[in-house]
Amino acid sequence: MLFFKSLSLSLLFLASRVLADDNKCSGDKNVTAQSDLDNISSCSKLDGSLYVNNLQNSGVTVLNIDGVKVITGDVEVSHSQYLQTVNFQDLETVSGKFSIHDNTRLNSLPAPKLTDVGSLDLMVLPALQHLQFNSGIKKAGDVQIVDTNLEDIQGIDVTSVKSFNINNNKYIESIDMPQLETAQSINIASNARKVDVNFSKLANVSGDTNFNGISNVFVGNLKSAKGSLGFTDTTLNNVSLPYLTSVSESLYFMDSQDLNSLSLPNLTTVGGSLTINNTDLAKISGFPKLNEVGGGLTMLGNYSYVDLPKLTDVRGSLLLESKSSNFTCPFSKSDGVIKGNDWTCKGEVSSMAKSSEVSATATGSSDSSASATSSSMSYSGSSDSHGKSASSDSGASTVAFSAGIVGIVTLLGAALSL
Ligand SMILES: *[C@@H]1O[C@H](CO)[C@@H](O)[C@H](O)[C@H]1NC(C)=O
Ligand SMILES: *[C@@H]1O[C@H](CO)[C@@H](O)[C@H](O)[C@H]1NC(C)=O
Ligand SMILES: *[C@@H]1O[C@H](CO)[C@@H](O)[C@H](O)[C@H]1NC(C)=O
Ligand SMILES: *[C@@H]1O[C@H](CO)[C@@H](O)[C@H](O)[C@H]1NC(C)=O
Ligand SMILES: *[C@@H]1O[C@H](CO)[C@@H](O)[C@H](O)[C@H]1NC(C)=O
Ligand SMILES: *[C@@H]1O[C@H](CO)[C@@H](O)[C@H](O)[C@H]1NC(C)=O
Ligand SMILES: *[C@@H]1O[C@H](CO)[C@@H](O)[C@H](O)[C@H]1NC(C)=O
Ligand SMILES: *[C@@H]1O[C@H](CO)[C@@H](O)[C@H](O)[C@H]1NC(C)=O
Ligand SMILES: *[C@@H]1O[C@H](CO)[C@@H](O)[C@H](O)[C@H]1NC(C)=O
């Protein structure tokens with residue numbers, strides 16, 4: 001009897017100990033002091049989330065999270081102005097978010113063993129200059145690095161990400177992701193002016209890709225872009241995408257005044273519009289297989305010719321305007337390539353003899369005034385919705401001819417008035 005009693009007592013004691021341990025190592029922990037972290041340092045796994053939020057005037061500058069290897073919820077360290085160091089010495093895995101944001105003085109974030117996170121958010125960390133993910137993060141869902149003083153993003157060694165957003169980090173000069181093969185979306189914008197981007201293995205992006213403000217880019221393995229793909233406000237000299245066969249939405253190269261060479265030898269389809277505006281391209285070429293553009297075709301610049309040898313179908317409108325007096329419109333209304341109604345295709349006219357400009361606006365379009373008021377000579381008329389009533393060739397010569405007559409008449413008038 002006594003034996004059974006003591007046995008059940010000790011069982012009870014064991015059970016309560018296990019329960020206590022369970023409590024200690026499970027549930028969300030709101031940390032306000034190092035002692036809170038010392039409580040859980042014997043938990044190699046925390047079943048819950050770890051929050052360090054709003055430590056404003058506590059004077060805490062350093063926190064050490066020792067012992068904890070796995071956190072099944074989130075880690076969030078935020079709005080703690082005086083924190084300078086948060087040390088995740090033993091942390092390996094965070095199933096939820098690893099989110100460190102809005103900590104103005106945080107300059108040291110060692111996580112030497114961290115390899116797996118549900119997602120990684122580093123935002124508004126103006127004192128953080130270096131990452132200390134010494135083992136390399138091998139698995140992350142979304143990666144978001146916004147508004148930091150980081151100089152590079154070493155230690156993010158993922159092969160696949162959901163969204164990858166590196167934005168407004170004024171000191172990041174290099175974004176090198178040698179392992180990355182697939183992403184759902186990529187946004188690189190407003191980092192250091194000279195940032196070099198190398199996604200040497202990136203093959204597929206299932207959503208949008210945007211490169212803004214970069215000076216070199218290597219994405220030479222990209223095969224498909226299921227969203228849009230764009231390069232804006234860059235100092236790139238060239239873009240080469242040898243394996244890219246299709247862009248499901250828009251493709252654009254804009255505000256890149258050093259861009260003088262494009263090479264997309266395998267590209268056959270652009271699902272949305274194709275825009276090239278404000279670049280240094282002297283000719284539009286590098287699209288030898290491009291066959292189909294689902295949206296409009298817009299090309300503005302100083303190019304003297306457009307070489308799109310396989311292009312047979314543009315579903316949207318045409319806006320080709322070149323500052324070059326040498327430009328000849330590569331399309332005519334009769335060739336049936338451009339299916340959209342709005343049609344502008346013109347170069348700068350420096351002399352009548354060189355005129356090759358045709359600008360026509362179809363019925364129902366609101367934009368006839370733009371071409372009519374342009375200083376260069378233009379032909380504005382209407383055509384039926386299939387664009388078959390005016391061919392650019394006859395239109396051009398008619399314009400040149402009638403303008404010539406007008407010129408002679410004006411000269412005669414001037415002579416007569418003398
Ligand atoms: C702990 O912090 C979280 C997130 O900041 C908050 O939602 C929750 O109410 C806090 N819990 C306690 C017990 O303070
Ligand atoms: C740490 O332990 C102390 C004392 O048992 C307790 O008051 C405090 O709430 C614990 N902290 C956390 C985050 O669980
Ligand atoms: C890009 O990175 C790969 C792999 O690290 C390297 O081999 C290649 O030389 C780099 N390319 C450029 C243009 O920097
Ligand atoms: C990329 O997509 C193509 C088909 O679109 C597929 O064959 C290939 O395996 C994909 N590559 C990766 C790395 O996912
Ligand atoms: C592309 O630009 C890079 C960097 O500006 C340059 O080193 C390289 O020679 C250029 N390649 C081509 C084919 O023009
Ligand atoms: C086009 O892609 C194929 C395979 O996808 C590749 O073998 C070929 O070299 C590419 N063409 C060019 C001009 O790079
Ligand atoms: C072309 O780029 C210039 C300069 O950035 C801009 O002002 C203009 O609106 C752009 N036009 C189109 C049609 O994108
Ligand atoms: C286009 O040419 C004009 C006049 O020659 C020049 O002022 C302008 O800067 C050039 N634009 C670009 C993008 O090179
Ligand atoms: C104009 O075109 C001719 C013939 O295509 C070419 O030889 C010449 O270099 C071009 N001039 C300019 C300024 O583009």
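Order of appearance sets the numbers: ligands from 1, and atoms from 1 within every ligand.
For the pair Val306 and Pro330, the tightest heavy-atom approach, listed with the atom from each and the gap, is CB-CG, 3.8 Å. Shown here for Lys29 and Ile40, the closest heavy-atom pair between the two residues is CE-CG2, 4.1 Å.
Asn238 ND2, 4.6 Å is the protein heavy atom nearest to atom 9 (O) of ligand 5. Distance from atom 8 (C) of ligand 7 to its nearest protein heavy atom, with residue and atom name: Asn277 ND2, 3.7 Å.
Side-chain contact between Ile145 and Ile156: present, with at least one pair of heavy atoms (C-beta onward) separated by less than 4.5 Å. Here the side chains of Leu114 and Phe88 are not in contact, with every heavy-atom distance at 4.5 Å or above.
Salt bridge status for Asp313 with Arg315: present, with a side-chain N to carboxylate O gap under 4.0 Å.
For atom 11 (N) of ligand 3, a protein heavy-atom neighbour is present inside the 4.0 Å cut-off. Within a 4.0 Å radius of atom 5 (O) of ligand 7, the protein has at least one heavy atom. Per-atom contact check: atom 14 (O) of ligand 3 touches the protein, criterion being a heavy-atom distance below 4.0 Å.
For Leu300, every heavy-atom contact with ligand 7 shorter than 4.0 Å involves the side chain, none the backbone.
Below 3.5 Å of separation, one finds no N or O of Thr298 facing any N or O of ligand 7. Between Ser261 and ligand 5, no pair of N/O atoms sits closer than 3.5 Å.
Note that CD1 of Ile71 and CG of Leu91 are 5.0 Å apart. Values are rounded to the nearest 0.5 Å.
When the options Lys69, Lys45, Lys113 are evaluated for a salt bridge (Lys or Arg N to Asp or Glu O under 4.0 Å) with Asp90, the one that passes is Lys113.
Listed by number with element, the atoms of ligand 3 under 4.0 Å from a non-hydrogen atom of Ser200 are 1 (C), 2 (O), 3 (C), 4 (C). Residue-ligand proximity, Asn216 to ligand 5, at heavy-atom distances under 4.0 Å covers atoms 4 (C), 5 (O).
No more than 12 heavy atoms of other residues, nucleotides or ligands sit less than 6.0 Å from atom NZ of Lys162.
Between the choices Val219, Asn221, Asn198, Val197, the shortest heavy-atom distance to atom 1 (C) of ligand 3 belongs to Asn198.
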